[in-house]
Amino acid sequence: MTGAIRAFRVDVPQAEIDDLRLRLAETRWPREEPVDAGWTYGANMAYVRELCTYWADGFDWRALETRINARENLIVTVEGQDIHVMRVKAKGGKGTPLLLTHGWPGSFLEFIDVVDRLSERFEVIVPSLPGYGFSAAPKKPIDCREVARLWRHMMVDHLGYPSFIAQGGDWGCLVTSWLGLAHGDVCKAIHQNMWIMRPNRAEGDPPYDAEEIAWLERRKELTRFETAYQAIQSTKFQTLAYGLTDSPTGLAAWITEKFHGWGDTRGDVESRFSKDRLLANIALYWFTGSINSSTWMYRSIVESDNFQPPKGQRITVPVGVAHFPGDVFATPPRQWVERFANVVHWTTMPAGGHFAAMEEPDAFVEDVGVFADLIGA
């Protein structure tokens, strides 16, 4: 390892835990919600009350700290940016480096239940995106293409891996796409459980087929009810941040509603995510005060062209895709991805949603392994 790297240990002061409990106890609740609202208009009040009661009286943050600290944690300074990394060495002493990248409103904790199993054949590296969790905020919003560049320097120049493979979902999948597209000399293959990058079509390219058109129509319908959060987080995120940074109840509602709606929950969030799993992620945002900077990447929706490859460029490294059917952001048809990527592996899972490693850990680990076997990694 080279450069500025230091060991890191999670240890939240007790005063901050006490302050959290006081804030939860003094929540000023909305006066009412529509009759029989369920989750139709946002986070269900009865469930948020139940979750926050458990957060105050039942959730054990110290136990989570112990789980995190049982693994190697580092702060790696890349181009002046402090990046938190959880790393699990390969159990056999040698394994292909596997870089896992999360998204929003997740965190590196999405992978905490699978890293040990993945380490049976891989050296597992799990960074927190800039501005998320224990990673410092960048000076200003950056996009996924820039994060991919940071990851390259982190992996090669600081952690000392001359090559690696990468996996990601949500923002992590777009970061991973850029690793495969722009850094294929070191990132030898990519695996994704979501797909954001879209074709940059040129004159003469084949028109979209019926399946692709149907998928695009479903995506349009999705924007009517599921992307209000994107509108504010890509434009006026600073205004949103005051409430979410000051109120743990507000933060819990904002994040839990996404786990309920994006996972393969079928209306029951705890069918996929226990209170402890939800609160581990929420509490990480709370204690690090990172909800504001975690939304900055959404600025790329209105400012960046990082959603398309440059015209004429393709992802030529081997690409694997795992389609989890319960993800509200449905994977596009395979032929859509093949327009600009070298797809060699495609799996349609029987179940699971947006938070693949949390919802279907067995299927997730197996598919990454099958892909690695296919490409000889």
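Since we're looking at a predicted model, the values are computed, not measured. What's counted below: heavy atoms across the whole structure, side chains too, no hydrogens, waters or symmetry copies.
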- Task: Report the C-alpha separation of Val147 and Met297 in whole Å, then their side-chain angles, then the decisive distance to 0.1 Å, and conclude whether the side chain to side chain contact (heavy atoms under 4.5 Å, CB included) test is met.
- Result: CA-CA 10 Å; Val147 173; Met297 198 169 287; 3.7 Å; yes

Just list the side-chain donor-acceptor pairs under 3.5 Å for residues 43-52, sequence neighbours left out, or say none.
{"residue": "Asn44", "atom": "OD1", "partner": "Ala46", "partner atom": "N", "Å": "3.2"}
{"residue": "Asn44", "atom": "OD1", "partner": "Tyr47", "partner atom": "N", "Å": "2.9"}
{"residue": "Asn44", "atom": "ND2", "partner": "Gly38", "partner atom": "O", "Å": "3.1"}
{"residue": "Tyr47", "atom": "OH", "partner": "Glu270", "partner atom": "OE2", "Å": "2.7"}
{"residue": "Glu50", "atom": "OE2", "partner": "Lys275", "partner atom": "NZ", "Å": "2.6"}

Between side-chain atoms of residues 309-320 and protein atoms elsewhere (two or more places apart, or another chain), which donor-acceptor pairs fall under 3.5 Å?
{"residue": "Arg314", "atom": "NH1", "partner": "Glu338", "partner atom": "O", "Å": "3.2"}
{"residue": "Arg314", "atom": "NH1", "partner": "Arg339", "partner atom": "O", "Å": "2.9"}
{"residue": "Arg314", "atom": "NH2", "partner": "Ala341", "partner atom": "O", "Å": "3.2"}

Going by atom type alone, with no hydrogens or angles, which donor-acceptor pairs under 3.5 Å involve a side-chain atom of residues 231-238 and a protein atom two or more places apart or on another chain?
{"residue": "Gln233", "atom": "OE1", "partner": "Trp254", "partner atom": "NE1", "Å": "3.0"}
{"residue": "Ser234", "atom": "OG", "partner": "Gln230", "partner atom": "O", "Å": "2.7"}
{"residue": "Ser234", "atom": "OG", "partner": "Ala231", "partner atom": "O", "Å": "3.3"}
{"residue": "Thr235", "atom": "OG1", "partner": "Ala231", "partner atom": "O", "Å": "2.5"}
{"residue": "Gln238", "atom": "OE1", "partner": "Asn292", "partner atom": "ND2", "Å": "3.1"}

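Residues passing the side chain to side chain donor-acceptor pair (under 3.5 Å) test with Asp18, sequence neighbours excluded: Gln14. Under the side chain to side chain contact (heavy atoms under 4.5 Å, CB included) criterion, Ser300 pairs with Asp143, Trp171, Ser304, Asn306, Phe307, sequence neighbours left out. Residues satisfying the side chain to side chain contact (heavy atoms under 4.5 Å, CB included) test with Thr223, not counting sequence neighbours, are Thr227. Residues that satisfy the side chain to side chain contact (heavy atoms under 4.5 Å, CB included) test with Glu65, not counting sequence neighbours, are Val10, Asp11, Val12, Trp61, Arg62, Asn69. Every side chain to side chain donor-acceptor pair (under 3.5 Å) that Asp305 has, sequence neighbours left out, goes to Arg145. Remark: Asp209 engages Glu211, Glu212, Gln335 in a side chain to side chain contact (heavy atoms under 4.5 Å, CB included) (not counting sequence neighbours). Every residue was checked against the side chain to side chain donor-acceptor pair (under 3.5 Å) condition with Ser247, not counting sequence neighbours, and none meets it.
The pair Arg67-Asp113 meets the salt-bridge criterion, since a charged nitrogen lies less than 4.0 angstrom from a carboxylate oxygen. Looking at Arg152 and Asp157, no side-chain N of the basic residue comes within less than 4.0 Å of a carboxylate O on the acidic one, giving no salt bridge. With respect to Asp362 and Arg117, a salt bridge is recorded, a charged nitrogen being found less than 4.0 Å from a carboxylate O. By the 4.0 Å N-to-carboxylate-O rule, Glu221 lies close enough to Arg224 to be salt-bridged with it. Remark: Asp246 engages Arg23 in a salt bridge, criterion side-chain N to carboxylate O under 4.0 Å. Residues Arg21 and Asp19 are not paired through a salt bridge, judged by the lack of any N-O separation under 4.0 Å between the basic side chain and the carboxylate.
Taken together through direct or relayed side-chain contacts under 4.5 Å among Ile, Leu, Val, Met, Phe, Trp and Tyr, Ile17 and Leu278 form part of one hydrophobic cluster. Cluster membership check: Ile301 does not share its hydrophobic cluster with Trp296, using side-chain heavy-atom separations under 4.5 Å among Ile, Leu, Val, Met, Phe, Trp and Tyr.
For the side-chain contact (heavy atoms from CB on, under 4.5 Å) with Phe371, the lone residue among Val368, Ile375, Asp373 that qualifies is Ile375.
Separation of the Phe59 and Tyr54 ring centroids does not fall under the 6.0 Å cut-off. Aromatic rings of Phe355 and Phe324 (six-membered ring for Trp) have centroids beyond the 6.0 Å cut-off, not under it.
Under a 3.5 Å cut-off, the side chain of Arg272 and the backbone N or O of Glu359 do form a donor-acceptor pair. A donor-acceptor contact shorter than 3.5 Å is absent between the side chain of Arg219 and the backbone of Ala214. A donor-acceptor pair under 3.5 Å links the side-chain atoms of Trp195 to the main chain of Met197, judged by distance alone. Judged by distance alone, with hydrogens and angles left aside, the side-chain atoms of Arg299 form no donor-acceptor pair with the main-chain N or O of Ile142 at under 3.5 Å. Panel note: side chain Asp36, backbone Pro34; no donor-acceptor pair is recorded below 3.5 Å. The closest donor-acceptor contact from the side chain of Ser107 to the backbone of Leu109 lies under 3.5 Å. Between the side chain of Ser135 and the main chain of Ile83, no donor-acceptor pair closer than 3.5 Å is present. Judged by distance alone, the side chain of Arg71 and the main-chain N or O of Asp116 form no donor-acceptor pair under 3.5 Å. Formation of a donor-acceptor pair under 3.5 Å by the Thr101 side chain with backbone atoms of Gly172 is not found in this model.
Relative ring orientation between Trp286 and Trp55 is described as perpendicular, the plane-to-plane angle rising above 60° on a 0-90° scale split at 30° and 60°. By the 30° and 60° cut-offs, the orientation of the rings of Phe329 relative to Trp262 is perpendicular.
For Pro130 against Leu150, the heavy-atom pair with the smallest separation is CG-CD1, 4.2 Å. Summarising the geometry of Ala148 relative to Leu179, their closest heavy-atom pair is O-CD2, 3.4 Å, with the distance given to 0.1 Å. Across all their heavy atoms, Ala322 and Asp367 have their closest contact at CB-OD2, 3.5 Å. Contact between Ser271 and Asp264 at its shortest, heavy atoms only, is OG-O, 4.4 Å. Of all heavy-atom pairs spanning Ile125 and Pro97, the tightest one is CD1-CB, 4.0 Å.
Between the side chains of Asp268 and His260, not a single donor N or O lies within less than 3.5 Å of an accepting N or O. No side-chain donor from either of Trp104 and Thr295 sits under 3.5 Å from a side-chain acceptor of the other. One side chain, Gln192 or Ser177, offers a donor N or O that lies under 3.5 Å from an acceptor on the other.
Residue pairs meeting the ring pair (Phe, Tyr, Trp, His ring centres under 6.0 Å) criterion with at least one partner in residues 196-222, sequence neighbours excluded, are Tyr208-Trp336, Trp215-Trp336. Listed by first and then second residue, the ring pair (Phe, Tyr, Trp, His ring centres under 6.0 Å) pairs involving residues 111-133 are His102-Tyr132 (not counting sequence neighbours).
Two residues are said to be in side-chain contact when any heavy atoms from C-beta on lie closer than 4.5 Å; Phe259 and Pro105 meet this criterion. Using a 4.5 Å heavy-atom threshold, the side chains of Leu100 and Phe108 count as separate. By the 4.5 Å heavy-atom criterion applied to side chains, Ile68 and Ile112 are counted as neighbours. The closest side-chain heavy-atom distance from Leu222 to Glu217 is not below 4.5 Å. Between Gln167 and Asn193, some side-chain heavy-atom pair lies under the 4.5 Å cut-off. Side-chain contact check for Leu279 versus Leu64: every heavy-atom pair is 4.5 Å or farther apart. Using a 4.5 Å heavy-atom cutoff, the side chains of Val321 and His345 are not in contact. The closest side-chain heavy-atom distance from Thr245 to Ile291 is below 4.5 Å.
Taking a 6.0 Å sphere around CZ of Arg266, one finds it holds 12 or fewer heavy atoms contributed by other residues, nucleotides or ligands.
Between the CD1 atom of Ile255 and the CG atom of Leu244 there is a distance of 8.0 Å, given to the nearest 0.5 Å.
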